[in-house]
Amino acid sequence: HRSPVITIDGPSASGKGTVAERVARVLGFHFLDSGALYRLTALSAMKAGASLDDEAAVAALAAALPARFRDGRVWLADEDVTDAIRAEAVGEGASKVAALPAVRAALLERQRAYRQAPGLVADGRDMGTVIFPDAPAKVFLTASAEARAERRYKQLIEKGNSASLADLVADMQARDARDTARAVAPLKPAPDALLLDTTHMGIETAVQAVLAHYASCE
Ligand code: C5P
């Protein structure tokens with residue numbers, strides 16, 4: 001008997017990270033932020049001076065990633081990189097290294113190892129399709145590119161950064177296109193996923209919808 005998994009996939013800034021974390025907290029489940037693993041891989045490649053399209057070199061870094069997650073902080077060896085991995089450049093880099101099959105293969109077992117009692121909420125792009133295809137409850141969260149760009153815009157402004165909404169919409173569409181068009185593990189809903197469009201939905205409503213879906217799958 002395996003521990004249950006709730007997979008929450010979707011495009012960037014769809015709110016899935018926040019929703020997944022809250023669902024995990026409500027249920028007392030473990031939480032996997034798989035995007036952070038791709039961000040950490042990109043950051044270590046950048047630090048090592050490796051080219052982001054050197055598949056063998058980046059995959060070797062991914063396989064040996066000295067990553068630790070504790071109390072909401074993310075560590076790469078002895079360095080707290082919680083903020084560093086959220087930089088736009090690292091997100092861009094993550095999306096590039098995530099298109100390399102050897103990198104995805106190198107991170108596969110590490111992600112599956114998060115499936116532990118009493119259960120797991122896994123956030124990403126391919127949680128329901130590739131990493132946990134047998135998950136009892138799958139959700140695909142979407143929102144329009146405009147709505148997602150607006151959310152990102154608000155976050156940036158709140159943190160005191162400057163941002164252009166038009167640039168953010170364009171970045172969002174470019175990232176979506178790359179994640180959707182790539183040959184390995186493209187961003188797409190698992191056939192058995194619940195589709196949740198959050199364009200006009202608050203976080204709390206989305207959390208309740210995921211919990212209700214999980215309850216109906218048990
Ligand atoms: O979710 P987040 O924005 O942190 O992910 C960063 C990038 O990592 C995404 O743009 C995507 O290309 C990649 N990713 C992925 N598969 C996952 C999670 C993230 O390809 N399961």
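Every number for a ligand or one of its atoms is a count from 1 in the order of the listing.
In terms of polar-atom proximity, defined here as any N/O pair under 3.5 Å, R39 does make such a contact with ligand 1. Remark: ligand 1 and R104 share an N or O pair separated by less than 3.5 Å (distance only, no angle test). For D126, a nitrogen or oxygen atom sits less than 3.5 Å from a nitrogen or oxygen atom of ligand 1, counting backbone and side chain alike.
Checked by atom type and distance alone, the side chain of R22 never pairs as donor or acceptor with a backbone atom of E204 at under 3.5 Å. A donor-acceptor pair under 3.5 Å links the side-chain atoms of T199 to the main chain of S144, judged by distance alone. The main-chain N or O of F140 is never found under 3.5 Å from a side-chain atom of D9 such that the two would form a donor-acceptor pair. Using a distance-only test at 3.5 Å, with no hydrogens or angles considered, no donor-acceptor pair links the side chain of E109 to the main chain of A106. Side-chain N or O atoms of R112 include none that pairs as donor or acceptor with a backbone N or O of R115 at under 3.5 Å.
Neither the backbone nor the side chain of R178 has a heavy atom within less than 4.0 Å of ligand 1. By the criterion of a heavy-atom distance under 4.0 Å, the side chain of R182, and not its backbone, is placed next to ligand 1. Under 4.0 Å from ligand 1, the heavy atoms of K16 that appear belong solely to its side chain.
Counting non-hydrogen atoms of neighbouring residues, nucleotides and ligands closer than 6.0 angstrom, the CG atom of N161 exceeds 12 such neighbours.
Residues V121 and L141 share a single hydrophobic cluster, defined by chaining ILVMFWY side chains whose heavy atoms lie under 4.5 Å apart.
Taking every heavy atom of S95 and a limit of under 4.0 angstrom, the matching atoms of ligand 1 come to 10 (O), 12 (O). Within ligand 1, counting atoms from 1 as listed, the ones closer than 4.0 Å to a heavy atom of A98 are 12 (O), 13 (C), 20 (O). For ligand 1 and M127, the ligand atoms under 4.0 Å from any heavy atom of the residue are 21 (N). The R175 neighbourhood of ligand 1 comprises atoms 10 (O), with distances under 4.0 Å to a heavy atom of that residue.
Side-chain N/O atoms of R178 and S95 include a donor and acceptor closer than 3.5 Å.
Closest protein heavy atom to atom 8 (O) of ligand 1: Y38 CB, 3.6 Å. In this structure, atom 18 (C) of ligand 1 lies nearest to the protein heavy atom S34 OG, 3.4 Å. For atom 9 (C) of ligand 1, the closest non-hydrogen atom of the protein is R125 NH2, 3.2 Å. With hydrogens left out, the protein atom closest to atom 19 (C) of ligand 1 is G35 CA, 3.5 Å, a heavy atom. Nearest non-hydrogen protein atom to atom 7 (C) of ligand 1 is A94 CB, 3.8 Å.
Taking 4.5 Å as the limit, some side-chain heavy atom of V81 sits within range of a side-chain heavy atom of L43.
Selection from D176, D179, L107, D33 by nearest heavy atom to atom 10 (O) of ligand 1 gives D179.
Between R175 and E88 there is a salt bridge, since at least one side-chain N of the basic residue sits less than 4.0 Å from a carboxylate O of the acidic one.
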